[in-house]
Amino acid sequence: MITDARALRPEYLPRELHHREGPIQHLTAVLKPLSQGYSAENILLTGPSGAGKTTLARYVVERLEAQTLAVRSGYVNAMSESTAVSLLYRLLRETGLGADLRPEGIPQGEYLSRVRASDDELVWIIDEVDVVTEPALLEALYEQPNLTLLMVTVDHNDLLSSVDQRVASRLRSAEHVRLEKYTHDELVDILSHRADAGLKPGSVPEDLLSQIAETAAGDARLGIALLRQAARHADREGGKRLSTGLLREIESEARDDVENLQVAHLSTHQRHLFDLIREHRNLSAGDLHELYEGRVRAPKSKRTRRRYLDSLERYDLIEKRGAKRSTRYVYER
DNA sequence: CTTCCACCGGAACCGTGGGAAA
DNA sequence: TTTCCCACGGTTCCGGTGGAAG
């Protein structure tokens with residue numbers, strides 16, 4: 001049944017993007033000066049999860065790079081790089097400017113001079129830019145004359161107030177491209193393109209796609225995870241066609257898939273905190289700290305735990321409710 | 001209504017370790 | 001080699017604040 005598993009994986013970059021014609025045009029227009037050797041505005045790309053932000057950014061930049069000799073690009077997810085230096089290192093490697101660099105022990109300035117030394121215009125995609133903790137880093141990047149930033153983040157309305165002042169002002173000054181959730185019909189269409197690319201023709205009934213789209217509620221990442229799990233399940237059972245009744249069975253597996261992508265980035269102590277909250281579903285701050293201290297051999301300080309909990313919240317793995325003495329940490333699902 | 005204090009989060013500080021300069 | 005520098009991952013300190021208890 002599965003003819004090309006890659007097409008169902010989360011990182012797959014399709015050859016054509018559907019239902020994003022407007023944003024594609026917008027982004028392309030903002031980046032256009034680069035193809036004529038001029039510099040372009042920095043860009044902030046926002047939208048809810050599963051709206052295709054990352055895919056869109058990579059798609060547009062890849063096309064630009066293919067059409068223009070003097071443009072090079074790099075992509076990084078700020079979530080998975082804990083420090084400024086590791087983020088710069090990764091980006092330089094991606095851009096093809098750091099093959100000879102080692103990952104540690106080099107001052108920031110050295111990396112930045114690499115950027116300036118390049119004859120090409122550079123476009124860097126920084127995914128989840130709101131977790132960049134060092135404001136000085138973005139400022140420094142802004143000052144590089146031949147560097148255009150394409151910053152990607154979820155569209156929390158509280159975003160600009162929650163991040164550092166200096167970061168916020170950088171984000172505000174960038175050209176803003178906003179993505180909406182996919183509609184039901186758009187998502188059905190996207191899923192059927194993926195099914196065509198990855199599954200035997202005719203193996204997915206139309207009404208199953210519609211159900212998946214319904215469950216995913218505009219979130220393409222979840223929709224594709226559902227499709228992938230449905231196909232795997234059917235494959236295991238030796239079925240030739242995905243059945244409509246399948247969805248309830250595989251929904252939680254698909255949601256686990258999406259969650260596991262995030263959990264994979266956690267350190268062991270972050271993981272302990274997350275596991276406790278997931279086990280208990282809902283814990284007061286006091287209880288959580290007590291449980292954590294009982295479970296872990298060398299507990300981190302309270303302040304450090306709060307930082308970990310912050311990052312869990314940014315990953316959308318947990319939710320913090322209430323304030324002050326009635327703070328609770330909640331896991332839903 | 002007032003008081004208390006658990007919790008949050010900013011800021012300053014610290015020990016370690018690798019690299020570069022002397 | 002020794003010394004200096006700097007990033008990193010933490011901790012310590014502390015002021016603000018709003019729920020909860022009195």
Side-chain angles (χ1 to χ4, degrees), chain A residues 76-93 97-117 124 126 128-141 143-144 153 156-171 263-274 276-277 280-331:
Chain A
V76 75
N77 187 322
M79 276 302 187
S80 43
E81 306 300 327
S82 56
T83 71
V85 165
S86 67
L87 189 141
L88 283 171
Y89 172 75
R90 163 54 60 81
L91 278 167
L92 281 170
R93 297 285 300 220
L97 297 174
D100 56 320
L101 286 176
R102 269 161 295 108
E104 304 286 325
I106 297 167
Q108 258 187 51
E110 184 128 348
Y111 290 102
L112 294 171
S113 64
R114 286 286 179 118
V115 172
R116 251 164 308 170
W124 279 359
I126 304 181
E128 317 278 2
V129 69
D130 55 303
V131 310
V132 172
T133 48
E134 281 147 284
L137 174 64
L138 279 189
E139 296 195 286
L141 294 179
E143 279 160 25
Q144 308 305 312
T153 185
H156 289 149
N157 34 12
D158 62 333
L159 174 69
L160 288 182
S161 57
S162 69
V163 301
D164 182 280
Q165 286 282 318
R166 292 144 80 194
V167 175
S169 87
R170 294 308 184 189
L171 297 181
V263 172
H265 290 122
L266 302 180
S267 72
T268 54
H269 285 264
Q270 288 174 319
R271 188 66 200 269
H272 277 122
L273 289 166
F274 174 64
L276 282 168
I277 297 165
H280 293 80
R281 321 296 291 185
N282 186 326
L283 280 173
S284 71
D287 291 347
L288 174 61
H289 286 302
E290 199 175 319
L291 286 166
Y292 168 84
E293 281 160 20
R295 174 173 294 196
V296 169
R297 17 53 204 216
K300 302 291 182 189
S301 74
K302 280 224 174 79
R303 184 66 188 93
T304 300
R305 286 175 234 167
R306 270 179 248 133
R307 271 199 249 282
Y308 289 167
L309 291 165
D310 271 356
S311 68
L312 293 179
E313 206 185 3
R314 278 199 300 260
Y315 276 97
D316 281 326
L317 289 171
I318 63 164
E319 203 181 312
K320 188 166 80 179
R321 294 199 189 141
K324 303 290 175 262
R325 306 183 64 142
S326 64
T327 309
R328 305 192 70 82
Y329 294 95
V330 182
Y331 174 85

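Convention: sequence-line order gives letters A, B, ...; per-chain numbering from 1. The figures here come from the full heavy-atom set of this structure, side chains too, leaving out hydrogens, waters and symmetry mates.
- Side chain of A:R271 to main chain of A:V263: no donor-acceptor pair is present (N/O by atom type, distance under 3.5 Å, no hydrogens or angles).
- When distances are taken from the side chain of A:T83 to each of B:dC8, C:dT11, C:dG9, the shortest belongs to C:dG9.
- Per the geometry, NE2 belonging to A:H289 stands 12 Å off C1' belonging to B:dG9, to the nearest Å.
- Side-chain nitrogen and oxygen atoms of A:Y329 include none within less than 4.0 Å of the OP1 or OP2 phosphate oxygen of B:dC7.
- Note that the CG atom of A:L288 and the CZ atom of A:R305 stand 8.0 Å from one another [nearest 0.5 Å].
- Residues passing the side chain to side chain donor-acceptor pair (under 3.5 Å) test with A:H269, sequence neighbours excluded: A:Y292.
- A:Y111 places its OH atom 11 Å from the P atom of B:dG19, with the value rounded to the nearest Å.
- Between the side chain of A:R114 and the main chain of A:L97, a donor-acceptor pair closer than 3.5 Å is present.
- At a non-hydrogen distance threshold of 4.0 Å, nothing from residues 264-271 of chain A comes into contact with DNA chain C.
- For A:E313, the CD atom counts as densely surrounded, since its 6.0 Å shell holds more than 12 non-hydrogen atoms of other residues, nucleotides or ligands.
- Remark: P of C:dC6 and CD of A:E110 are 13 Å apart, rounded to the nearest angstrom.
- A:Y329 is not listed as a side-chain neighbour of A:L312, based on a closest heavy-atom distance of 4.5 Å or more.
- Of the residues A:T304, A:I318, A:T327, the one that meets the side-chain contact (heavy atoms from CB on, under 4.5 Å) test with A:L309 is A:I318.
- In this structure, A:D287 CG and A:H280 NE2 are separated by 8.5 Å, a value rounded to the nearest 0.5 Å.
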Table of protein N/O atoms under 3.5 Å from nucleotides 16-22 of chain C N/O atoms:
{"residue": "C:dG19", "atom": "N2", "partner": "A:R325", "partner atom": "NH1", "Å": "3.2"}

Mind running ring pair (Phe, Tyr, Trp, His ring centres under 6.0 Å) on A:Y331 and A:F274 for me, showing each step along the way? CA-CA 9 Å; A:Y331 174 85; A:F274 174 64; 5.8 Å; yes
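- Side chain A:R303 to base B:dG10: a donor-acceptor pair is found below 3.5 Å.
- The CZ-C1' distance, from A:R306 to C:dG15, rounds to 13 Å in whole Å.
- Here B:dA12 presents its P atom at 13 Å from CZ of A:R307, a figure rounded to the nearest Å.
- Between A:K300 and C:dG10, a side-chain N or O to OP1/OP2 separation shorter than 4.0 Å is present.
- We find that CZ of A:R328 is positioned 17 Å from P of B:dA6, with the value rounded to whole Å.
- At a cut-off of 3.5 Å, with distance as the only test, no side-chain donor of A:H272 or A:R295 sits close to an acceptor on the other residue.
- Taking atom CZ of A:R305 as the reference point, atom C1' of C:dT12 lies 14 Å away to the nearest angstrom.
- Residue A:Y308 places its side chain closer to C:dG10 than to any other of C:dG9, B:dG9, C:dG10.
- For A:L88 and C:dA7, the CG to P distance is 11 Å, given to the nearest whole Å.
- As judged by a 4.0 angstrom heavy-atom cut-off over every strand, A:G286 is placed among residues touching the sugar-phosphate backbone only.
- Among the atoms of the strands shown, base atoms are found under 4.0 Å from some heavy atom of A:S301.
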